[in-house]
Number of protein chains: 2
Amino acid sequence: MSDGRSGSGYGGESLLFLTDEQLRQGIEAMFFAYQGFTADPDRILGEMAYGRAHHRAMHFINRAPGTTVNNLLSILGVTKQSLNRVLRALVEDGLVDSRVGTLDKRERNLYLTDRGRDLEQRLSDAQRIRMRAAYKQAGPEAVQGFKKVLEAMMDADMRRAYADLREAPQ
Amino acid sequence: MSDGRSGSGYGGESLLFLTDEQLRQGIEAMFFAYQGFTADPDRILGEMAYGRAHHRAMHFINRAPGTTVNNLLSILGVTKQSLNRVLRALVEDGLVDSRVGTLDKRERNLYLTDRGRDLEQRLSDAQRIRMRAAYKQAGPEAVQGFKKVLEAMMDADMRRAYADLREAPQ
DNA sequence: AGTTTATGTCAGCATTGTTGACATTCCAAG
DNA sequence: CTTGGAATGTCAACAATGCTGACATAAACT
């Protein structure tokens, strides 16, 4: 594992020699980049009584209006109890509307209110600005590779969730 | 901000049209990929009394043995108080050695013990395996773009820290 | 020598993850 | 139809890890 090298044929035309050093760089890049990725929304959220978890919930409710708690927590990868605390705050503050399911009354269908949409927009805008700047700086060819590696890094169920969201644009 | 489109000349030969939809995909890819990125070490850490913060500390101590608390917290992007709790646990458990600085006695120079190195190795191995698999699956051209976009996404000070680490391989 | 600055530690609080217990609703077996 | 189990969501308590504030010690500056 620590021989510092690992490779195998790829594509029949070029070889992939992945040294531990190269992999380590990727790992550290991922860590530092994620800090930047969350920095802008975090700054905005810090001014109010919300955190990153509230942002994530609002993002995906906005993406799929009417989604259920159960669906949401499978996307977010947290327990329903943890999500519930966040949702309760958002509902109490009038940012999220939680309606008892019509077909199955055990379920709750979640929607953003107008105010919820406003805040979500503010947070997403900040994140998009950074992403757009990064894309421009890195260039168009880079964007393809970026997405490819990220997708390959996901767990199988998350890759499925990701694909589902892409196929169902609002 | 929500006109759904934003582009400008790039490189003089191709144009970058970045729709909000494209940017959103990147944002969600980043979110899902980071879950996978941390999943393997988290699983190992969950079996013992440590968390992600302990992993990060050990990783960078291993990268730069003898580093100070001050330097470490600027890399990790947390407060010294937060880092201190984590370091205290690691020192008490004999995974990290904290020596009073020789030149400046206010400083503490941090080193991994043998046992600390063992655990760090286990955690890093798990993360490298996933990273290697992702790189192979995405292909060599993708890796370049991946790193480029990540680097462009970092805050300026983190980009500096990242570059410093690359220039000083162990 | 005395004040200011830098480094690190200790204490307490907030966010957000966890598990456990429980209420409500649905569904399937009898 | 009823009854028992499964699914969904809520409430409570605990753990990890951010944060700010107060402080001790060492260095640096005047």
Side-chain angles (χ1 to χ4, degrees), chain A residues 31 34-35 38-39 41-61 66-93 96-110 123, chain B residues 31 34-35 38-39 41-61 66-93 96-110 123:
Chain A
F31 168 69
Y34 200 77
Q35 286 192 9
T38 57
D42 279 0
R43 212 172 349 257
I44 296 173
L45 289 159
E47 299 165 10
M48 38 195 98
Y50 296 126
R52 206 176 286 179
H54 301 85
H55 177 199
R56 292 198 285 252
M58 283 192 291
H59 174 97
F60 287 108
I61 292 174
T67 187
T68 63
V69 174
N70 218 16
N71 180 50
L72 200 51
L73 62 90
S74 77
I75 287 178
L76 295 174
V78 299
T79 59
K80 59 184 177 174
Q81 296 91 330
S82 186
L83 176 59
N84 182 260
R85 189 196 299 114
V86 168
L87 285 180
R88 200 189 320 160
L90 291 172
V91 168
E92 278 173 8
D93 296 351
V96 166
D97 193 10
S98 170
R99 304 182 205 154
V100 172
T102 50
L103 237 143
D104 187 333
K105 288 183 198 161
R106 293 171 303 181
E107 296 182 340
R108 302 287 180 273
N109 295 114
L110 304 169
L123 297 169
Chain B
F31 169 69
Y34 199 77
Q35 286 192 8
T38 57
D42 279 359
R43 210 170 353 256
I44 297 173
L45 290 159
E47 298 164 10
M48 37 193 99
Y50 296 126
R52 205 176 287 179
H54 301 85
H55 178 199
R56 292 197 285 251
M58 285 192 289
H59 173 97
F60 287 108
I61 292 173
T67 188
T68 63
V69 174
N70 217 15
N71 181 49
L72 200 52
L73 62 89
S74 77
I75 288 177
L76 294 174
V78 300
T79 60
K80 57 184 178 177
Q81 296 92 328
S82 187
L83 175 58
N84 182 259
R85 188 196 298 114
V86 169
L87 285 179
R88 201 190 319 162
L90 291 172
V91 169
E92 278 173 8
D93 296 352
V96 165
D97 193 9
S98 170
R99 303 181 205 155
V100 172
T102 50
L103 238 143
D104 187 333
K105 288 183 196 161
R106 292 172 304 182
E107 297 183 338
R108 301 287 179 275
N109 293 114
L110 304 169
L123 297 169

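By convention in this document, chain letters (A, B, ...) are assigned in the order of the sequence lines, proteins followed by strands, and residues within each chain are numbered from 1.
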Trainee: Check Asn109(A) against Gly66(A) and note the closest heavy-atom contact, atom names and distance.
Mentor: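 Looks like ND2-O, 2.7 Å.
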Trainee: Can you tell me the distance, in whole Å, between the CG atom of Asn71(A) and the P atom of dA7(D)?
Mentor: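 Answer to the nearest Å: 16 Å.
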Trainee: Starting at CG of Asn70(A) and ending at C1' of dT25(C), how long is that distance when rounded to a whole Å?
Mentor: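 Going from CG in Asn70(A) over to C1' in dT25(C) covers 14 Å.
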Trainee: Among dT24(C), dC10(C), dG9(D), which nucleotide has an atom closest to any side-chain atom of Arg106(A)?
Mentor: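 Ranking dT24(C), dC10(C), dG9(D) by closest atom to the Arg106(A) side chain puts dT24(C) first.
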Trainee: Heavy atoms only, 4.0 Å cut-off, all strands: where does Lys105(B) land among base, sugar-phosphate and nothing?
Mentor: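 It contacts sugar-phosphate atoms only.
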Trainee: Counting only side-chain heavy atoms from C-beta out, which of dT16(C), dG18(D), dG17(C) sits nearest to Arg56(A)?
Mentor: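 Nucleotide nearest to Arg56(A)'s side chain: dG17(C).
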Trainee: Kindly give the heavy-atom pair with the smallest separation between Thr67(A) and Leu72(A), and that separation in Å.
Mentor: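 So the minimum-distance heavy-atom pair works out to OG1-N, 4.2 Å.
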Trainee: How long is the straight-line distance from CG of Leu45(A) back to NE2 of His55(A), given to the nearest 0.5 Å?
Mentor: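 Going from NE2 on His55(A) over to CG on Leu45(A), the span is 7.0 Å.
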Trainee: For Leu90(B) and dT17(D), what is the distance between atoms CG and C1' respectively, to the nearest whole Å?
Mentor: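 Value for this atom pair: 13 Å.
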Trainee: Measure from the side chain of Val69(B), starting at C-beta and using heavy atoms only, and say which of dT17(D), dC26(C), dT9(C) lies closest.
Mentor: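 Within the option list, the nearest is dT9(C).
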Trainee: Using whole Å, what does the distance between atom P of nucleotide dT15(C) and atom CG of Asp42(A) come to?
Mentor: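 Those two atoms, CG and P, are 13 Å apart.
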Trainee: Looking at Thr68(A) and Leu110(A), what are the two nearest heavy atoms and their distance?
Mentor: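 Scanning both residues completely, I find the closest heavy atoms to be C-CD1, 4.2 Å.
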Trainee: Does any donor-acceptor pair link the side chain of Gln81(B) with the base of dG21(D) at a separation under 3.5 Å?
Mentor: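 Donor-acceptor pair under 3.5 Å: yes.
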Trainee: Closer to the 5' end of DNA chain D via nearest nucleotide, is it Arg85(A) or Arg108(A)?
Mentor: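 By nearest-heavy-atom nucleotide position, the 5'-most residue is Arg108(A).
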Trainee: Choose from dC10(C), dC11(D), dT17(D) the nucleotide whose nearest atom is closest to any side-chain atom of Arg88(A).
Mentor: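 So the nucleotide nearest the side chain must be dC11(D).
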Trainee: Would you kindly compare Ser82(A) and Leu73(B) by the position of their nearest DNA chain C nucleotide and give the one closer to the 5′ end?
Mentor: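 The residue mapped nearer the 5' terminus is Leu73(B).
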Trainee: So, is His54(B) near the phosphate of dT17(D), with a side-chain N or O under 4.0 Å from OP1 or OP2?
Mentor: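 Affirmative; the distance criterion is met.
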Trainee: Rounded to the nearest angstrom, tell me the gap between atom CG in Leu83(A) and atom P in dA12(D).
Mentor: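 That distance rounds to 17 Å.
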Trainee: Examine Tyr34(B) together with Phe31(A) and report whether their ring centres are nearer than 6.0 Å.
Mentor: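 Between Tyr34(B) and Phe31(A), the centre distance exceeds or equals 6.0 Å.
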Trainee: Measure from CG on Asn84(A) to P on dC22(C) and round the result to the nearest Å.
Mentor: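 Result: 17 Å.
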Trainee: Could you state the atom-to-atom distance from CZ of Arg52(A) to C1' of dG18(D) in whole Å?
Mentor: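 In whole Å, dG18(D) C1' lies 10 Å from Arg52(A) CZ.
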Trainee: Whole angstroms only, please: what is the CG-C1' distance between Leu110(B) and dT7(C)?
Mentor: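 These atoms are roughly 12 Å apart.
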